[in-house]
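Only one structure is covered here, and it is reproduced in the block below.
Residues: numbered from 1 along the sequence shown.
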Amino acid sequence: MQQIESVKEFGGYLNRYVHESETCNCEMTFSVYLPPQVESGKVPTLYWLSGLTCSDDNARVKAGAQRYAAEQGIALVFPDTSPRGDDVADEKDRYDLGQGAGFYVNATQAPWAAHYQMYDYITKELPALLEAKLPLIPGLKSISGHSMGGHGALICALKNPTSYKSVSAFSPICNPVNCGWGIGCFDAYLGEDTTTWQAYDATALVDAGARVTDILIDQGTADEFYDKKQLLPENFQAACEREGQAVTIRMQQGYDHSYHFIASFIGEHIAYHADALKA
């Protein structure tokens, strides 16, 4: 774990690191914001999973989250969205498959399986590494994300209900087995047997009995991908209502899919997670 950048922000430090990932079998890059409270001891952590085409750099620059994390005394972790490198499989003509589009699954199909193990990377390898190397309270973490990363946050929490104190999402891909983005990636990464896809679909997981304490979702009404039926929050809400899973889906009038939307409400999400992490 090698630090390659450090910038002081709001009394803390936004650091960037690289390391050799055994899970993804390549060098991975991630960023961590350590709030000023680490000077007095270890702090809880919020993981932020980004969307299609993003790296660790997008959210740390555009979301405006560090100000609120400093106020709450919470570390922020910004992982990459996929493995990367010359030897890593890619689909260069597509933004929604390959590098930048790991979809937070463990791929089982060639050539993707050699590197695309993002679910295990996010839920196992990266937390273990950071809790061993940085002033983070072991096991005290929450998770959030946007779009593909919102999908990732939901499935990571639903599949590991004791690992995260809270979960939220912005414009998540809620039912990927029924949208173009999800079908395209799942077919490539997981193969033609669609029954295996259910393990990485938040709506299917709730229908199968997965539970967390609560879920917060913000969705913009002017989101072009909401209009194109890529996100399907109604399907997720219906599953939660059927199965008794607590969820709050806030339809935010006039907001789109961009980081302008995220920056408008990120403070409320961090406060939501802070309440859970400090309980």
Side-chain angles (χ1 to χ4, degrees), residues 47-52 96 101-106 108 118-119 122-123 141-187 189-253 255 257 261-262 265 268-269 272-273 276:
Y47 284 75
W48 174 269
L49 306 186
S50 292
L52 289 167
D96 57 348
F103 240 90
Y104 305 103
V105 305
N106 288 338
T108 59
M118 288 299 294
Y119 173 76
I122 295 298
T123 60
K141 60 185 182 292
S142 292
I143 193 163
S144 186
H146 170 233
S147 194
M148 179 185 73
H151 142 79
L154 291 175
I155 65 166
C156 287
L158 287 165
K159 290 164 72 68
N160 302 276
T162 62
S163 295
Y164 301 96
K165 299 299 181 182
S166 52
V167 56
S168 75
F170 288 82
S171 313
I173 304 171
C174 292
N175 191 197
V177 302
N178 287 316
C179 77
W181 281 339
I183 292 169
C185 282
F186 284 8
D187 184 64
Y189 297 150
L190 304 175
E192 296 179 356
D193 181 1
T194 58
T195 61
T196 65
W197 301 6
Q198 308 296 313
Y200 297 106
D201 182 295
T203 300
L205 287 169
V206 169
D207 273 330
R211 295 289 180 274
V212 293
T213 302
D214 192 21
I215 300 169
L216 172 63
I217 293 174
D218 275 330
Q219 172 63 61
T221 62
D223 185 327
E224 63 176 301
F225 301 111
Y226 173 64
D227 291 340
K228 292 178 180 178
K229 306 299 183 184
Q230 294 281 18
L231 308 178
L232 303 175
E234 292 85 359
N235 293 10
F236 185 66
Q237 185 163 29
C240 290
E241 290 174 355
R242 283 194 301 270
E243 301 298 328
Q245 167 62 58
V247 63
T248 300
I249 300 180
R250 307 190 303 187
M251 301 301 296
Q252 302 290 5
Q253 189 65 36
Y255 286 91
H257 198 73
F261 169 45
I262 296 167
F265 298 100
E268 296 177 22
H269 280 243
Y272 170 81
H273 292 295

Checklist line | For D218, all residues meeting side-chain hydrogen bond (donor to acceptor under 3.5 Å, both in side chains), sequence neighbours excluded | finding: R250, Q252, H269

Note to self: Distance check, rounded to the nearest 0.5 Å: K165 atom NZ versus T213 atom OG1?
What the structure shows: 9.0 Å

Check: Measuring from E268:CD to L216:CG, what's the distance to the nearest 0.5 Å?
Finding: 8.5 Å

Margin query: Contact between E192 and D187 at the side-chain level, heavy atoms closer than 4.5 Å - yes or no?
Written below: yes

Next item on the list: Identify the two heavy atoms, one from S166 and one from Y272, that lie closest to each other, and give their separation to 0.1 Å.
Entry: CB-CE2, 4.1 Å

Notebook entry, point to check: What residues, two or more places apart in sequence or in another chain, satisfy salt bridge (charged side-chain N to carboxylate O under 4.0 Å, His left out) together with K159?
Noted result: none

Margin query: Ring centres under 6.0 Å, that's the criterion: do F103 and F186 meet it?
Written below: yes

Next item on the list: Verify side-chain contact (heavy atoms from CB on, under 4.5 Å) between Y104 and L154, making sure each step is shown before the conclusion.
Entry: CA-CA 11 Å; Y104 305 103; L154 291 175; over 6 Å; no

Check: If only atom types and distance count, is the side chain of H257 paired as donor or acceptor with the main-chain N or O of Y226 below 3.5 Å?
Finding: no

Checklist line | Minimum-distance pair of heavy atoms, taken over all atoms of I155 and A202 | finding: CG2-N, 3.8 Å

Note to self: I'd like to check C156 versus T123 (side-chain heavy atoms, cut-off strictly below 4.5 Å). Are they in contact?
What the structure shows: yes

Check: Does some side-chain heavy atom of Q230 sit less than 4.5 Å from a side-chain heavy atom of E224?
Finding: no

Next item on the list: Kindly determine whether W181 and L231 satisfy side-chain contact (heavy atoms from CB on, under 4.5 Å), including the steps that lead there.
Entry: CA-CA 9 Å; W181 281 339; L231 308 178; 4.2 Å; yes

Notebook entry, point to check: Do T203 and L232 pass the side-chain contact (heavy atoms from CB on, under 4.5 Å) test, and can you show the C-alpha distance, the side-chain angles, and the key distance before you say yes or no?
Noted result: CA-CA 10 Å; T203 300; L232 303 175; over 6 Å; no

Check: Taking C-beta and beyond as the side chain, do W197 and I183 meet within less than 4.5 Å on heavy atoms?
Finding: yes

Item checked: Donor-acceptor under 3.5 Å (R211 side chain, E243 main chain) -> yes

Checklist line | Nearest-0.5 Å distance that lies between atom OG1 in T221 and atom CE in M251 | finding: 6.5 Å

Checklist line | Minimum-distance pair of heavy atoms, taken over all atoms of A153 and I143 | finding: O-CG2, 3.7 Å

Checklist line | Exercise: identify the closest heavy-atom pair between V206 and A239 | finding: CG1-O, 3.7 Å

Next item on the list: Using the side-chain contact (heavy atoms from CB on, under 4.5 Å) rule, take F225 and S171 through it: C-alpha gap first, then chi angles, then the decisive distance, then the call.
Entry: CA-CA 9 Å; F225 301 111; S171 313; over 6 Å; no

Next item on the list: Identify the heavy atoms of C179 and I173 that sit nearest to each other, and give their distance.
Entry: SG-CG2, 3.7 Å

Notebook entry, point to check: What's the spacing between S147 OG and D223 CG if we round to 0.5 Å?
Noted result: 7.5 Å

Next item on the list: Would you indicate whether K141, at its atom NZ, is surrounded by more than 12 heavy atoms from other residues, nucleotides or ligands within a distance under 6.0 Å?
Entry: yes

Notebook entry, point to check: How far apart are the closest heavy atoms of I215 and F236, and which atoms are they?
Noted result: CD1-CZ, 3.7 Å

Next item on the list: Let me know which of N175, N178, T194 forms a side chain to side chain donor-acceptor pair (under 3.5 Å) with D201.
Entry: N175

Check: Would you say the ring centroid of F265 lies under 6.0 angstrom from that of Y255?
Finding: yes

Margin query: Taking the side chain as everything from C-beta on, heavy atoms only, tell me whether P233 gets closer than 4.5 Å to I217.
Written below: no

Check: Do the side chain of S168 and the main chain of S144 share a donor and acceptor less than 3.5 angstrom apart?
Finding: no

